[in-house]
Amino acid sequence: MRKEEFCIMKPDVRWRTKRFEGSHKHHIFGGCPNRKHSDEDGLVIFLRPEDHNMGDNGIHKNREFDLYAKRKAQLRWMEFYGKTVEQFRKRYGKSWL
């Protein structure tokens, strides 16, 4: 059995906030060190394989979807942690707003 993953994202029609059977975990901000920060801060979502990296419209191939998730995640991080755009930029390297 998997440990419950920490997720602060709000539900959306494009993803789920809890792991489901067959789902892929997506770190909204990838790369080093942002993948680790995404895990620590709860900026992960759960996607069907075709919405992740197995289909042409998956988040890894669809820039519009990727930017949508990044904007939502940044706003949610600032709301959840009571932080500013500048504090987000300091942690994640840039702003997506």
Side-chain angles (χ1 to χ4, degrees):
M1 166 137 16
R2 279 188 202 265
K3 174 181 148 236
E4 183 84 17
E5 281 102 348
F6 175 54
C7 175
I8 66 167
M9 294 295 290
K10 291 184 178 179
D12 190 279
V13 296
R14 300 186 84 170
W15 60 70
R16 295 197 197 162
T17 58
K18 296 204 181 298
R19 187 177 289 278
F20 58 94
E21 186 175 339
S23 66
H24 287 192
K25 179 180 181 179
H26 176 71
H27 297 83
I28 297 172
F29 302 103
C32 189
N34 289 342
R35 183 181 170 94
K36 181 178 176 245
H37 293 328
S38 285
D39 258 337
E40 292 170 351
D41 295 348
L43 297 178
V44 298
I45 52 178
F46 300 93
L47 301 165
R48 298 177 310 155
E50 58 270 24
D51 294 328
H52 187 231
N53 58 6
M54 307 276 294
D56 290 338
N57 288 319
I59 199 165
H60 283 276
K61 294 181 182 177
N62 182 330
R63 181 84 172 136
E64 182 182 314
F65 185 9
D66 181 53
L67 291 176
Y68 174 80
K70 282 177 168 55
R71 288 184 192 110
K72 291 279 195 175
Q74 180 176 346
L75 289 168
R76 180 64 180 139
W77 184 89
M78 292 172 12
E79 173 189 51
F80 188 85
Y81 292 106
K83 304 285 187 176
T84 65
V85 170
E86 188 53 42
Q87 289 169 310
F88 182 88
R89 187 179 287 116
K90 192 170 197 173
R91 181 145 172 91
Y92 285 94
K94 70 181 265 186
S95 172
W96 278 269
L97 301 181

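Everything numeric here is computed off the predicted structure, so don't read it as measured data. Numbers here simply count residues along the sequence, with the first being 1.
Put simply, the side chain of Gln87 gets close to the backbone of Thr84: a donor and an acceptor are under 3.5 Å apart. Counting only distance, with no hydrogens or angles, the side chain of Tyr81 and the backbone of Asp41 share a donor-acceptor pair below 3.5 Å. Of the possible donor and acceptor atoms, one in the side chain of Tyr92 sits under 3.5 Å from a partner among the backbone N and O of His37. Here the side chain of Ser38 pairs a donor or acceptor atom with the backbone of Phe29 at under 3.5 angstrom.
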Checklist entry - Between Glu79 and Lys10, is a salt bridge (charged side-chain N to carboxylate O under 4.0 Å, His left out) present by the stated rule, with each step listed? => result CA-CA 11 Å; Glu79 173 189 51; Lys10 291 184 178 179; 3.4 Å; yes

Item to check | Ile8 vs Val44, side-chain contact (heavy atoms from CB on, under 4.5 Å): CA-CA, chis, key distance, verdict | outcome: CA-CA 8 Å; Ile8 66 167; Val44 298; over 6 Å; no

Next on the checklist: The test is side-chain contact (heavy atoms from CB on, under 4.5 Å); show your working for Arg14 and Tyr68 and say whether it passes.
Outcome noted: CA-CA 10 Å; Arg14 300 186 84 170; Tyr68 174 80; 4.1 Å; yes

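Relative orientation of the Phe88 and Trp96 rings is perpendicular, given thresholds of 30° and 60° on the angle between their planes.
With a 4.5 Å cut-off on side-chain heavy atoms, Glu86 and Arg89 count as touching. The shortest distance between side-chain heavy atoms of Asp66 and His60 does not fall below 4.5 Å. Under the 4.5 Å side-chain criterion, counting only non-hydrogen atoms from C-beta, Leu97 is in contact with Met78. Between Ile59 and Ile45, the closest side-chain pair of non-hydrogen atoms falls below 4.5 Å.
In this model, a donor atom of one side chain and an acceptor atom of the other lie less than 3.5 Å apart for Asp39 and His27. Checked by atom type, the side-chain pair Trp15/Asp51 shows no donor-acceptor distance below 3.5 Å.
Residue Glu5 forms a salt bridge (Lys or Arg N to Asp or Glu O under 4.0 Å) with just one option from Arg19, Arg16, Lys18, and that option is Arg19.
Between Arg48 and Phe20, the closest heavy-atom pair is N-CZ, 3.8 Å. Scanning both residues, Gln74 and Ser95, for their nearest heavy atoms gives NE2-OG, 3.0 Å. Nearest heavy atom pair, residue Met9 against residue Ala69, reads CE-O, 4.3 Å.
For Arg35, the CZ atom is loosely surrounded, since the number of other residues' heavy atoms within 6.0 Å does not exceed 12. Within a 6.0 Å sphere centred on NZ of Lys70, heavy atoms belonging to other residues, nucleotides or ligands number more than 12.
Phe65 and Met54 are not part of a single hydrophobic cluster, where members link through side-chain heavy atoms under 4.5 Å apart.
Distance check: His52 NE2 to Asn57 CG gives 14.5 Å after rounding to the nearest 0.5 Å.
Ion pair Glu40/Arg91 flagged as a salt bridge, since at least one NZ, NE, NH1 or NH2 atom sits closer than 4.0 Å to an Asp/Glu carboxylate oxygen.
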